[in-house]
Q: 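Sending over a structure as structure tokens; questions will come in a sec.
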Amino acid sequence: MSKVLFLLKRGHSYHHHHSRPSSGLKTSAQFNCDMLNAAGIPSKLVVVTDNNDIDREVSQYQPSHVVIEALWVVPEKFDVLVKLHPDVTWIVRLHSELPFLATEGVAIGWMVRYLQHPNVMVAANSREAYDGFRMILSGLGCDWRSSEVAEKVWYLPNYYPVPEDVEFRPSPYSVLHIGC
């Protein structure tokens with residue numbers, strides 16, 4: 001049976017400032033966690049201090065899948081984690097578009113290095129980032145067949161809960177217009 005652990009780094013932000021306790025990243029992860037729990041898939045969200053807390057949380061919860069929310073785990077950490085937890089599927093979930101990640105300096109290199117580990121996947125929460133990263137892998141001349149890339153690069157969109165009493169009307173457009 002699947003059991004999912006979502007891991008978020010405390011104070012995480014791409015600019016190394018301390019983020020608010022209720023960040024968009026945490027909200028996104030919590031929505032997904034709640035959705036899985038409602039669907040009968042045990043899931044838990046844990047906020048950790050850094051890489052060194054991961055093994056403890058995985059050992060305590062015993063998940064089948066661990067979703068690392070955003071790029072904060074150094075690739076070398078997976079050398080240890082995949083040996084300690086060989087049956088866990090590790091998913092590093094991107095929350096940014098590729099042009100932003102490309103300016104980060106280490107992001108693209110880290111994503112490629114993640115994929116060199118067994119049971120480590122990279123997932124994008126937007127179709128554009130998913131398609132773009134797959135194209136980057138092809139351009140890097142990786143020796144992976146398209147089927148191998150499909151196994152290692154996933155599309156995991158955000159989930160947005162909608163109250164049951166909300167009535168949707170068909171749009172005359174093929175676009176969902178959202179107003180606040």
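The figures here come from the full heavy-atom set of this structure, side chains too, leaving out hydrogens, waters and symmetry mates. The shown structure was predicted, so the numbers you read here are calculated from the model rather than taken from an experiment.
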Q: To the nearest 0.5 Å, what is the distance between NZ on K9 and CD1 on I54?
A: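 These two atoms lie 10.0 Å from each other.
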
Q: Nearest heavy-atom pair of M1 and G40: which atoms, and what distance?
A: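 So the minimum-distance heavy-atom pair works out to CE-O, 3.5 Å.
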
Q: Using 4.0 Å as the upper bound for N to carboxylate O, is an ion pair formed by D53 and R56?
A: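 Looking at D53 together with R56, the answer is yes, because their closest N to O distance falls below 4.0 Å.
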
Q: So how far is it from F6 CZ to L25 CG, rounded to the nearest 0.5 Å?
A: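 Here the interatomic distance stands at 11.5 Å.
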
Q: Which word best sums up how the rings of H117 and F78 line up, parallel for under 30°, tilted for 30 to 60°, or perpendicular for over 60°?
A: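 Tilted: the ring planes of H117 and F78 meet at 30° to 60°.
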
Q: Assess the residue pair V82 and V120 against the criterion (side-chain contact (heavy atoms from CB on, under 4.5 Å)); give the C-alpha distance rounded to whole Å, side-chain angles, the decisive distance to 0.1 Å, and a yes or no.
A: CA-CA 8 Å; V82 297; V120 179; 3.8 Å; yes

Q: Using every non-hydrogen atom in the two residues, find where W72 and W110 come nearest and quote the distance to one decimal.
A: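 Heavy-atom minimum between the residues: C-CZ3, 4.0 Å.
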
Q: Could you tell me the separation between the NZ atom of K152 and the CG atom of N119, rounded to the nearest 0.5 Å?
A: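 Answer for the NZ-CG pair, K152 versus N119, is 7.0 Å.
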
Q: Does N158 use its side chain to pair, donor to acceptor, with the backbone of N125 at less than 3.5 Å?
A: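 Judged by distance alone, no pair lies under 3.5 Å.
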
Q: Might you point out which heavy atoms bring M121 and W154 nearest each other, and give the distance in Å?
A: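 Where M121 meets W154 most closely, the heavy atoms are CG-CZ2, 3.6 Å.
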
Q: Under the rule for side-chain contact (heavy atoms from CB on, under 4.5 Å), what residues qualify as partners of V80, not counting sequence neighbours?
A: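 For V80, the residues satisfying side-chain contact (heavy atoms from CB on, under 4.5 Å) (neighbours in sequence not counted) are L84.
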
Q: Got a second to check how far S28's OG is from L45's CG, nearest 0.5 Å?
A: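 Nearest 0.5 Å value for the OG-CG distance: 10.0 Å.
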
Q: Could you give the side-chain donor-acceptor pairs of residues 57-66 under 3.5 Å, partners two or more places apart or in another chain?
A:
unit_1, atom_1, unit_2, atom_2, d
S59, OG, D55, O, 2.9
S59, OG, D55, OD1, 3.3
Y61, OH, S43, N, 3.3
Q62, NE2, S59, O, 2.7
S64, OG, K3, N, 2.8
S64, OG, K3, O, 3.0

Q: Look up atom CG in D131 and atom CZ in R134, then write down how far apart they are to the nearest 0.5 Å.
A: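 Between D131 CG and R134 CZ, I get 7.5 Å after rounding to 0.5 Å.
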
Q: When you measure from the side chain of Y114 to the backbone N and O of V74, does any donor-acceptor pair fall under 3.5 Å?
A: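 No; judged by distance alone, with no hydrogens or angles, the pair does not exist.
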
Q: Using every non-hydrogen atom in the two residues, find where A70 and V92 come nearest and quote the distance to one decimal.
A: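 Nearest pair, atom of A70 first, then V92: O-CG1, 3.7 Å.
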
Q: List the atom of K26, the atom of L8, and the distance in Å for their closest heavy-atom pair.
A: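 Reported closest heavy-atom pair: CB-CD2, 3.4 Å.
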
Q: Salt bridge (charged side-chain N to carboxylate O under 4.0 Å, His left out) with E97: which residues, sequence neighbours excluded?
A: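 E97: no salt bridge (charged side-chain N to carboxylate O under 4.0 Å, His left out) contacts found.
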
Q: Can you name the residues that form a ring-ring contact (aromatic ring centres under 6.0 Å, His included) with Y155, not counting sequence neighbours?
A: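 Listed in chain order: Y130.
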
Q: Going by side-chain hydrogen bond (donor to acceptor under 3.5 Å, both in side chains), name the residues that satisfy it together with E76, two or more places apart in sequence or in a different chain.
A: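 E76 satisfies side-chain hydrogen bond (donor to acceptor under 3.5 Å, both in side chains) with R113 only.
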
Q: Could you report the tightest heavy-atom contact between N32 and P157, atom names first, then the distance?
A: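 Closest approach of N32 to P157: OD1-O, 4.1 Å.
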
Q: Residues in salt bridge (charged side-chain N to carboxylate O under 4.0 Å, His left out) with D50, at least two apart?
A: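 Residues passing salt bridge (charged side-chain N to carboxylate O under 4.0 Å, His left out) with D50: none at all.
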
